[in-house]
Amino acid sequence: MKQSYYPQEIEKKWKKYWEDNKVFKTENDNGKPKYYALSMFPYPSGKLHMGHVRNYTITDVIARFKKANGFNVLHPIGWDSFGLPAENAAMKHNADPEKWTDENIAYMTEQLKMLGLSYDWDREVTTCKPDYYKWTQWIFLQLYKKGLVYKKEAAVNWCPSCGTVLANEQVIDGKCWRCDSEVEKKYLSQWFVKITEYADELLTDLDLLTGWGDNVKTMQANWIGKSHGAIFRFPVVDAPSGEKMEVPVYTTRPDTVYGITYLVVAPEYKDIEKLTTEENKKAVEEYRANARKMSEIERLSTDRTKTGVPLGTHCKNPFTGEIFPLWTADYALVEYGTGAVMAVPTHDTRDFDFAKKYNLPMKVVIQNPDNPSNCENEAYVDDGILVNSGEFNGMKNTQAKKAITQKAVDEGFGEFKTQFRLRDWLISRQRYWGAPIPVVYCDKCGIVPVPEDQLPVLLPKDVDFSVVGKSPITTSPTFKDTVCPVCGGHATREPDTMDTFICSSWYYLRYADANNDKECFNKDIVNKWLPVDQYVGGIEHAILHLLYSRFFTKALRDCGLLDFDEPFKNLLTQGMVLKDGSKMSKSKGNTVDPDEIFENYGADTARLFILSDSPPARDFDWSDAGVEGCYKFLNRVWRLVASNAENISHDVIACPHSVAIQTTDKANDDLIRTVHMQIKGITNDITNEFQFNTVISKYRELVNSIYDWLGKKPELNEEDKNVLSFAIVSMLKLMSPVAVYLTEEAWHELGGEGSIHDQPWCKWDENLAKSSSITMVVQINGKVKDKIEVDAEISKEDMEKQALESDKIKELTDGKSIIKVIVVPGKLVNIVVK
RNA sequence: GCUCCAGUGGCGGAAUCGGUAGACGCGUUGGACUUAAAAUCCAAUCGGGGCUCAACCUCGGUGCCAGUUCAAGUCUGGCCUGGAGCACCA
């Protein structure tokens with residue numbers, strides 16, 4: 001065996017061997033229980049970055065660990081390959097986005113293989129290939145049939161830089177999630193997916209996801225935003241047209257209804273013109289025009305300084321008979337509730353600010369009995385007792401919510417209402433590089449879905465990518481015109497493509513049955529593999545991808561395509577990879593290229609380091625010194641194996657845990673115990689929360705223990721050789737999920753049969769996984785005063801006895817009275833004295 | 001403003017049930033080997049105080065203030081700081 005460690009040589013050899021022999025191919029059924037380990041699939045941007053390396057290494061170690069522990073493991077990979085960067089690259093060079101994408105996939109595939117990831121490449125899925133997007137389109141049609149897809153004219157978010165609309169989830173602080181441009185509002189007819197129909201289930205089923213972090217679950221819960229309240233309808237008393245009108249409002253504070261002093265409708269409110277008097281028309285029109293011109297950003301930045309104008313008309317409060325004015329103000333949002341708000345300045349901070357500014361009246365209706373407030377300086381928004389509220393006076397406001405709404409129900413001007421903040425998912429994109437929406441517009445029949453046997457609707461190739469301001473798809477001379485599948489007359493194709501998040505909402509299902517050309521996936525196979533046992537990916541997908549995928553699973557379940565409710569049983573959101581304290585990015589110039597690490601130190605070093613310094617969920621700070629340290633450690637491991645290769649017993653290699661090793665000296669006994677302890681510790685650390693950083697600490701401890709042992713053994717007898725073999729072979733297996741190449745090479749050099757990655761995981765003996773003696777701590781009044789080395793099996797009584805007999809303790813307790821002695825078996829004795 | 005997460009040496013972090021705070025590593029310092037360097041190996045490394053130095057002894061210490069307990073990094077209450085998400089959602 002070579003005495004020096006040459007990772008580059010070893011790694012290229014095994015990479016080719018694993019690839020040629022399809023070592024990581026997964027059968028759908030091999031009699032073992034299933035385990036599905038999944039990383040969020042990458043966008044083929046060109047090269048892997050360290051975030052990918054971290055993500056895929058974590059999942060890979062989990063997959064290998066589960067495989068060694070007797071599971072049939074599904075560990076696939078694919079490409080989220082539709083999307084704008086490919087199209088932008090194409091437009092820049094007037095080239096084909098497909099070519100750009102294919103080249104990137106080819107390069108990144110080599111990088112993934114170099115990293116030693118145990119994927120079943122036969123299940124590779126590429127969302128931009130017709131054999132995949134055919135089924136994306138098919139699923140679209142199933143949702144259409146179910147009434148979960150519809151087209152409507154709506155105010156939508158438009159990114160001028162990307163030249164397309166965006167879903168609400170893709171607008172971050174009023175800016176485009178991808179390019180950071182300010183998003184504009186546009187009125188367009190677009191396709192929507194009715195995710196709101198599942199709002200309640202998406203919320204309540206979060207409780208089923210015990211394997212998800214609370215942070216992600218709260219983010220989703222907040223996004224869905226369920227609230228309970230009431231709708232009240234206020235009759236308009238002086239509509240200019242003279243017609244009978246009413247304004248409905250949604251409120252979560254029906255208990256404050258006696259305190260209404262005005263009412264606000266959004267500038268975009270549909271009946272606003274009919275509610276405006278001739279005198280106020282000009283001012284209202286101006287205000288509305290101004291609101292329309294303002295971008296989302298400006299509307300947000302007007303935070304706290306509220307503006308508005310009166311409409312001139314009035315409503316009647318059916319509870320009190322009071323008449324109050326109608327206003328329009330942009331703090332009322334047209335998309336939420338009814339687009340109108342009942343204003344109670346005394347008990348709502350926004351209404352309070354507005355009323356102060358425009359000198360509108362206020363009326364206190366909720367009082368804190370212990371600390372009454374007249375709400376002159378601020379709104380009182382907490383719970384209290386109703387006052388000035390007619391028959392409800394004296395009632396607790398929490399009860400009054402129900403009682404007051406009930407009165408509105410009984411008298412016919414209101415009802416109970418549950419409201420969600422979640423909006424329907426806008427999926428049309430005015431771009432080329434996506435799955436075409438499989439719909440045609442017939443001159444006679446209107447909207448007609450493409451029949452399933454005509455799928456896929458292929459992306460046209462005869463397009464001009466140099467166009468600006470419109471989708472390249474519209475430049476195709478052959479794509480647009482077609483025949484109506486119903487009447488055979490002239491029809492035009494839908495030019496929009498689907499949001500790529502549609503493609504990524506079902507890829508994890510396709511992996512189960514990736515090569516099926518008859519259906520999107522076989523129901524039985526999907527039911528067998530899913531749900532995903534462990535999903536690993538970035539926290540940035542906490543809302544977008546994870547919410548959409550949960551919705552898709554539920555919708556496809558209701559289409560009869562599968563039989564489970566949630567796609568991802570356990571979710572690990574890994575932290576970011578930082579360098580010098582900030583996120584790695586090209587603009588900051590603090591990126592580290594994985595290729596360079598592979599070239600200089602090898603993939604095993606990269607894998608070891610990326611797992612070593614932080615627990616997976618926390619951010620990870622990349623340091624060159626840390627890489628160096630990991631490389632040195634692997635060298636140390638290699639030297640340990642290489643310099644002792646001739647002392648390794650073949651019987652032990654063949655069956656390390658069945659050879660009973662007799663120990664006749666303490667050093668040997670201690671090393672055996674250490675190995676058992678480390679097997680137990682490492683196994684538990686991986687099982688509990690995937691604490692790979694402590695796993696790696698334990699690798700180091702184990703290696704240090706073996707070196708220490710060797711230091712005590714200038715010459716090795718037969719027993720020593722068996723003990724050493726057991727320690728080294730166990731160490732290699734324990735390290736094999738992380739240092740995949742080094743351990744495989746060492747295993748072969750030592751004469752092991754087959755692949756170390758097919759060897760079962762190490763077992764430990766509970767009796768051997770503890771040391772023969774323990775350090776008993778003796779405290780006085782909770783402070784450590786002495787440590788005594790005692791036998792591990794010592795009884796409680798003996799512990800107390802030995803503690804009290806210690807010279808040091810005797811001295812310290814001399815002249816004091818012992819009140820109590822607490823004995824924690826196997827740990828410590830605490831003596832309470834006065 | 002609301003919600004969630006976090007706060008431990010010079011640094012990354014460890015501490016399973018409340019039971020020895022600082023595992024393991026990085027860095028630093030000293031030493032061995034070497035003509036020299038690299039590599040490697042060994043040792044020290046939370047702070048204050050005591051002792052001429054050292055071994056050693058002693059006190060303090062996990063963001064801050066209280067509390068519960070024989071015992072608190074860990075539990076409870078209140079704050080402070082940082083990060084993330086949502087944000088005029090009625």
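A, B, ... follow the sequence lines: proteins, then strands. Residue 1 opens every chain. For the numbers below, each heavy atom of this structure counts, side chains included, while hydrogens, waters and symmetry mates do not.
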With pairs defined as Watson-Crick or G-U wobble and both distances under 3.5 angstrom, please note down RNA chain B as a dot-bracket string, | for pairing with another strand. (((((((..(((......[....)))((((((.......))))))(((((.....)))))..(((((..]....))))))))))))....
What I want to find out is whether [X] reaches [Y] closely enough, with some N-O distance under 4.0 Å, to be called a salt bridge.
X        : Y        : answer
A:Glu268 : A:Arg288 : no
A:Glu169 : A:Arg423 : no
A:Lys175 : A:Glu182 : no
A:Arg253 : A:Asp348 : no
A:Asp685 : A:Lys698 : yes

Looking at [N], I'd like to know if its phosphate oxygens (OP1 or OP2) sit under 4.0 Å from a side-chain N or O belonging to [X].
X        : N     : result
A:Arg639 : B:A39 : no
A:Arg421 : B:A90 : no
A:Arg618 : B:A84 : no

Pick the closest RNA chain B nucleotide for A:Ile543 and for A:Thr252 by heavy atoms, then say which residue is nearer the 5' end.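 Final value for this comparison: A:Ile543.
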Using heavy-atom distances to pick each residue's nearest nucleotide on RNA chain B, tell me which of A:Gly339 and A:Asn635 is more 5'.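 Checking each residue's closest nucleotide, the 5'-ward one belongs to A:Asn635.
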Chi class for B:C80: syn within 90° of 0, otherwise anti: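 In terms of base orientation relative to the sugar, B:C80 is anti.
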Taking syn as within 90° of 0 and anti otherwise, name the glycosidic form of B:G13.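 Base orientation: anti.
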Roughly how many Å apart are [M] and [N], using the [atom1] atom of each and rounding to a whole number?
N     : M     : atom1 : value
B:A54 : B:U16 : C1'   : 40 Å
B:U69 : B:C80 : P     : 28 Å
B:U52 : B:U62 : C1'   : 36 Å
B:G67 : B:C2  : C1'   : 28 Å
B:A39 : B:C46 : P     : 25 Å
B:A66 : B:A72 : C1'   : 14 Å
B:G12 : B:U20 : C1'   : 24 Å
B:G50 : B:C70 : C1'   : 30 Å

Test applied, side chain to side chain contact (heavy atoms under 4.5 Å, CB included); reference residue, A:Phe692; option that passes from A:Pro616, A:Pro737, A:Ser612: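 The single option meeting the side chain to side chain contact (heavy atoms under 4.5 Å, CB included) with A:Phe692 is A:Pro616.
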Base, sugar-phosphate or nothing for [X]? Non-hydrogen atoms, less than 4.0 Å.
X        : answer
A:Lys785 : sugar-phosphate
A:Lys783 : sugar-phosphate
A:Val341 : base

Output the rounded distance in Å from [atom1] ([X]) to [atom2] ([N]).
X        : N     : atom1 : atom2 : value
A:Asn222 : B:C5  : CG    : C1'   : 13 Å
A:Leu634 : B:U40 : CG    : P     : 12 Å
A:Leu206 : B:C4  : CG    : C1'   : 14 Å
A:Asp619 : B:G85 : CG    : P     : 11 Å
A:Lys217 : B:C5  : NZ    : C1'   : 15 Å
A:Ile831 : B:A71 : CD1   : P     : 15 Å
A:Tyr699 : B:A14 : OH    : P     : 17 Å

Should the ring pair A:Phe234 and A:Phe324 be called parallel, tilted or perpendicular, given that the plane angle runs from 0 to 90° and is split at 30 and 60?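 Perpendicular: the ring planes of A:Phe234 and A:Phe324 meet at over 60°.
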How does protein reach along nucleotides 17-28 of chain B, written 5' to 3' as B (base within reach of a heavy atom under 4.0 Å), S (only sugar-phosphate), or - (no contact)? --BBS-BSSS--
So which nucleotide from B:A14, B:C86, B:C88 ends up closest to the side chain of A:Pro615?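 Of all the options, the side chain of A:Pro615 is nearest to B:A14.
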Side chain of A:Lys820: nearest nucleotide among B:C86, B:C70, B:A90?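 Within the option list, the nearest is B:C70.
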Donor-acceptor pair under 3.5 Å, A:Lys306 side chain vs B:C88 base: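 It does, because a donor-acceptor pair links the side chain of A:Lys306 to the base of B:C88 below 3.5 Å.
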Is the centre of the A:Phe609 ring less than 6.0 Å from the centre of the A:Phe620 ring?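 Here the rings of A:Phe620 and A:Phe609 have centres that are less than 6.0 Å from each other.
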Are A:Trp327 and A:Tyr269 an aromatic pair by the rule of ring centers under 6.0 Å?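 No, the ring centres sit 6.0 Å or more apart.
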Quick check with a 6.0 Å cut-off and a 45 degree axis cone: is A:Arg421 positioned over the face of A:Tyr336's six-membered ring?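 No, A:Arg421 does not sit over the ring of A:Tyr336.
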Could you pull out every donor-acceptor pair under 3.5 Å between side chains of residues 779-788 of chain A and any protein atom, sequence neighbours left out?
{"residue": "A:Asn781", "atom": "OD1", "partner": "A:Val833", "partner atom": "N", "Å": "3.0"}
{"residue": "A:Asp786", "atom": "OD2", "partner": "A:Ser806", "partner atom": "OG", "Å": "2.9"}

